Amino acid sequence: MKENGVRRLSYTGMSQLRSFLVFSIGMSSLCLSNSLIAEFKLLRTLDLENVPIEELPDGVVYLFNLRYLNLRGTAIKKLPKSIGRLRNLQTLNISHTKIETLPKGIAKLLNLRHLIMSQLHTDVTGTRFSNINGTMFRYINGIRAPLNVSKLNKLQVLSCVEAEGDFIRLVGNMNQLTRIGITNVKKSDEMHLCDSIQKLQLLQHLELMACDEEEILGTNALSSPSPQLRGVLLVGKLEKVPFWFHSLRNLTSLGLHWSRLEEDLLPYIADLPCLGRLILVNSYVGKELCFGRGFVKLTKLMLRNFPSVNKITIEKGVMPNLKFFEVGNCNELKTLPLGLEYLTNLQELHLVNLPMEIIDPIRKGAVDRPRVQHIPEINHYNFIQSGGVTIEKLS
């Protein structure tokens, strides 16, 4: 029922409630009082995603049976110091909140399996960025965590946490991790970082971000990462292509952002047997990208923000299963990628902020139209200074 424009919840039957989920995000406030929460004695799931609250009600920490707490997208700025009372909590999601630091009590959540806490980067005005066109280096921030978080030996997902102090050295003790995301990584962390990753033999997803765009993201000391790795995202400058890439036989997704490699990456990853998604953002400083062989399982390819590349070539027989192809912010590119006509299974072509000399020849009736006429969906996106985007359908 509603009272004074605010939803008021009835207490009737609340003592037997197991799950409480809020789907209405249009409310200016939520009447979730401590007296109401006290009725949730058996509650196991509390989902407040995108609810506009700034504080977590004090009574939440007394929900002894709580297993799942989702605060994603709320305006909460901090977790209560007594968060450790939730001894049975298994999943805590505080992504895209205003939380910057975890309290020390987080280490008391000994049954925690999933700690999800990446934050969209904000500028000095508080504006959040999504980095959809790949022109910014930093778009995700990790959360600072106390060193004792490494004592959570049941934790399987930890993403994203900011590297501070001895955290990188200690994370190797969390041998149940299947996903780890670490931001603020420095070149000086390389030996401890690689040693810790080496120990995480159940790891399936690895995400690393350097502290700034000029910092070297050192991973060359890593000899044999988990054979179960299925997703790798590296954000930061790379001195050379990590030699351990060739061992990633189960890798399905690879993202390299701001690597600015001087050597051609593509020959090192062309033969990965399971690679299905490849996202490259400002990852190469050469003038030509040539997909000369392999990529047999690739279905999604995104090439963003290559300031020096003036030619992209796709040889016949390469990427035979590609369905989604995006090219964006390649201002030196002189023509549409050569070889598009060979991609017979391509369903979507997205062209973002490209010179009009590339767009005009593929319009209906234009000279290069036959090269793309087999593609069901072709979109041209143009980002404008005000922050908006125009979309032109070319199919």
Side-chain angles (χ1 to χ4, degrees), residues 1-11 14-15 17-112 114-128 140-146 148-149 152 157-162:
M1 49 190 304
K2 289 186 177 181
E3 186 176 279
N4 297 325
V6 179
R7 187 177 298 274
R8 183 168 63 85
L9 301 171
S10 170
Y11 287 20
M14 288 295 185
S15 62
L17 196 67
R18 300 298 200 281
S19 298
F20 185 81
L21 300 88
V22 180
F23 297 103
S24 175
I25 61 174
M27 296 179 290
S28 59
S29 63
L30 177 71
C31 186
L32 193 61
S33 65
N34 287 319
S35 57
L36 175 59
I37 291 175
E39 296 292 317
F40 295 167
K41 300 182 188 301
L42 301 179
L43 197 70
R44 296 167 65 94
T45 297
L46 180 57
D47 190 337
L48 302 176
E49 183 167 344
N50 293 323
V51 173
I53 55 174
E54 296 184 359
E55 292 184 1
L56 188 66
D58 295 337
V60 169
V61 299
Y62 297 103
L63 299 176
F64 178 78
N65 292 293
L66 199 64
R67 304 292 199 274
Y68 178 93
L69 178 57
N70 184 10
L71 305 176
R72 178 186 173 94
T74 65
I76 291 176
K77 297 179 181 179
K78 63 180 181 179
L79 292 174
K81 293 180 180 179
S82 54
I83 191 72
R85 290 180 178 272
L86 298 174
R87 298 298 175 89
N88 290 305
L89 195 66
Q90 296 181 3
T91 297
L92 175 59
N93 189 340
I94 55 173
S95 294
H96 309 324
T97 62
K98 295 184 178 181
I99 297 170
E100 297 180 354
T101 305
L102 293 178
K104 290 183 178 180
I106 201 77
K108 295 181 180 179
L109 303 178
L110 297 180
N111 286 301
L112 200 62
H114 307 96
L115 182 51
I116 307 163
M117 50 185 189
S118 60
Q119 312 289 25
L120 287 176
H121 180 62
T122 60
D123 65 8
V124 292
T125 68
T127 302
R128 290 186 175 185
I140 289 289
N141 287 331
I143 289 181
R144 293 187 293 273
N148 59 6
V149 75
L152 299 176
V157 175
L158 178 60
S159 180
C160 288
V161 62
E162 188 169 304

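Everything numeric in this text was worked out from a predicted model, so none of it was measured.
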Could you give the distance from [atom1] ([X]) to [atom2] ([Y]), rounded to the nearest 0.5 Å?
X: Leu66; Y: Ser19; atom1: CG; atom2: OG; result: 9.5 Å
X: Ser82; Y: Lys108; atom1: OG; atom2: NZ; result: 9.0 Å
X: Leu63; Y: Leu69; atom1: CG; atom2: CG; result: 9.0 Å
X: Leu71; Y: Asn50; atom1: CG; atom2: CG; result: 11.0 Å
X: Leu158; Y: Met117; atom1: CG; atom2: CE; result: 5.0 Å
X: Thr45; Y: Gln90; atom1: OG1; atom2: CD; result: 10.0 Å

Set of side-chain contact (heavy atoms from CB on, under 4.5 Å) partners for [X], sequence neighbours left out:
X: Ser159; answer: Arg179, Glu207
X: Pro146; answer: Leu102, Lys104, Ile106, Asn148
X: Ser118; answer: Ser95, His96, Ile140, Cys160

Quick check: closest heavy atoms across [X] and [Y], and the distance to 0.1 Å?
X: Leu46; Y: Leu43; value: CB-CD2, 4.1 Å
X: Pro80; Y: Val61; value: CG-CG1, 3.7 Å
X: Leu109; Y: Leu152; value: O-CD2, 3.2 Å
X: Pro103; Y: Ile83; value: CG-CG2, 3.8 Å

Taking everything shown except Arg44 itself, do over 12 heavy atoms lie less than 6.0 Å from its CZ?
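Atom CZ in Arg44 is not crowded, with 12 or fewer foreign heavy atoms closer than 6.0 Å.
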Would you say OH of Tyr68 has more than 12 non-hydrogen atoms from neighbouring residues, nucleotides or ligands within 6.0 angstrom?
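Correct, the count exceeds 12.
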With Arg72 via salt bridge (Lys or Arg N to Asp or Glu O under 4.0 Å) - residues at least two apart:
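Arg72 satisfies salt bridge (Lys or Arg N to Asp or Glu O under 4.0 Å) with Glu49 once adjacent residues are dropped.
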Report the residues that fulfil salt bridge (Lys or Arg N to Asp or Glu O under 4.0 Å) with Glu100, sequence neighbours left out, ordered by chain and then residue number.
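Checked Glu100 against salt bridge (Lys or Arg N to Asp or Glu O under 4.0 Å); matches are Arg144.
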State which residues pass side chain to side chain donor-acceptor pair (under 3.5 Å) with Asn88; sequence neighbours excluded, sorted by chain then number.
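Partners of Asn88 by the side chain to side chain donor-acceptor pair (under 3.5 Å) criterion come out as none, since no residue qualifies.
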Test log, rule side-chain contact (heavy atoms from CB on, under 4.5 Å), inputs Leu92 and Leu79
CA-CA 11 Å; Leu92 175 59; Leu79 292 174; 4.0 Å; yes
When Ile143 is tested against each of Ile94, Leu115, Val161 for side-chain contact (heavy atoms from CB on, under 4.5 Å), which residue passes?
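Only one option passes, and that is Ile94.
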Listed once per pair and sorted, the salt bridge (Lys or Arg N to Asp or Glu O under 4.0 Å) pairs that draw on residues 74-88, sequence neighbours left out
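Not a single pair qualifies under salt bridge (Lys or Arg N to Asp or Glu O under 4.0 Å).
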